[in-house]
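Quick caveat: nothing in here was measured; it's all calculated off a predicted structure.
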Amino acid sequence: MNKKLLFITDPLKGLNPKKDTSIFMMEESIALGYKPHQCEMKDLYIQEGDVFADARSIISAGTTQIEGIKKEAIKVSDLSLIHISEPTRP
């Protein structure tokens with residue numbers, strides 16, 4: 001079973017680790033053996049009929065910080081689940 005997840009959120013720097021439920025879900029998915037990735041809406045694109053995301057792999061997430069590695073192109077159809085967060089309003 002593919003265990004890759006994608007979280008489409010606001011910019012990673014702007015997420016509040018103490019309040020944002022996406023961070024909690026990333027943390028729990030890591031604990032369950034899943035491989036979460038994160039991107040923003042602007043990171044999605046179509047190439048030769050397939051949808052891709054320039055997403056970073058999240059290696060740790062918690063109430064104090066989120067740690068990810070550089071972005072890479074991933075094919076959205078290869079993912080098990082996609083979660084889209086409601087954008088933060090100013």
Pairing residues for Leu81 by the side chain to side chain contact (heavy atoms under 4.5 Å, CB included) criterion, not counting sequence neighbours: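 Only Leu5 meet the side chain to side chain contact (heavy atoms under 4.5 Å, CB included) criterion with Leu81.
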
Which residues share a side chain to side chain contact (heavy atoms under 4.5 Å, CB included) with Leu79, sequence neighbours left out: Lys4, Leu6, Ile74, Val76, Ile82

Nearest heavy-atom neighbours spanning Gln38 and Thr9: NE2-OG1, 2.9 Å

Donor-acceptor pairs are to be reported for all side-chain atoms of residues 44-55 against protein atoms at under 3.5 Å, with residues two or more places apart or in another chain.
unit_1: Tyr45; atom_1: OH; unit_2: Asp54; atom_2: OD1; d: 3.4

To the closest 0.5 Å, what do you measure between [atom1] ([X]) and [atom2] ([Y])?
| X | Y | atom1 | atom2 | value |
| --- | --- | --- | --- | --- |
| Lys3 | Leu32 | NZ | CG | 7.5 Å |
| Ser85 | Leu15 | OG | CG | 7.5 Å |
| Glu72 | Arg56 | CD | CZ | 11.0 Å |
| Met26 | Asp20 | CE | CG | 7.5 Å |
| Leu12 | Ser22 | CG | OG | 10.5 Å |
| Ile84 | Phe7 | CD1 | CZ | 12.0 Å |

Residue list, side-chain hydrogen bond (donor to acceptor under 3.5 Å, both in side chains) with Ser29, at least two apart or on another chain: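 Ser29 satisfies side-chain hydrogen bond (donor to acceptor under 3.5 Å, both in side chains) with no other residue.
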
Verdict with reasoning, Ile8 to Glu40, per side-chain contact (heavy atoms from CB on, under 4.5 Å): CA-CA 5 Å; Ile8 303 172; Glu40 299 169 43; 5.8 Å; no

Set of residues satisfying salt bridge (Lys or Arg N to Asp or Glu O under 4.0 Å) with respect to Lys71, sequence neighbours excluded: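 With sequence neighbours excluded, Lys71 shows a salt bridge (Lys or Arg N to Asp or Glu O under 4.0 Å) to Asp43, given in chain and number order.
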
Under 4.5 Å side-chain linkage, directly or through intermediates, the cluster mates of Ile69: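 Hydrophobic cluster check, Ile69: joined to Ile59.
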
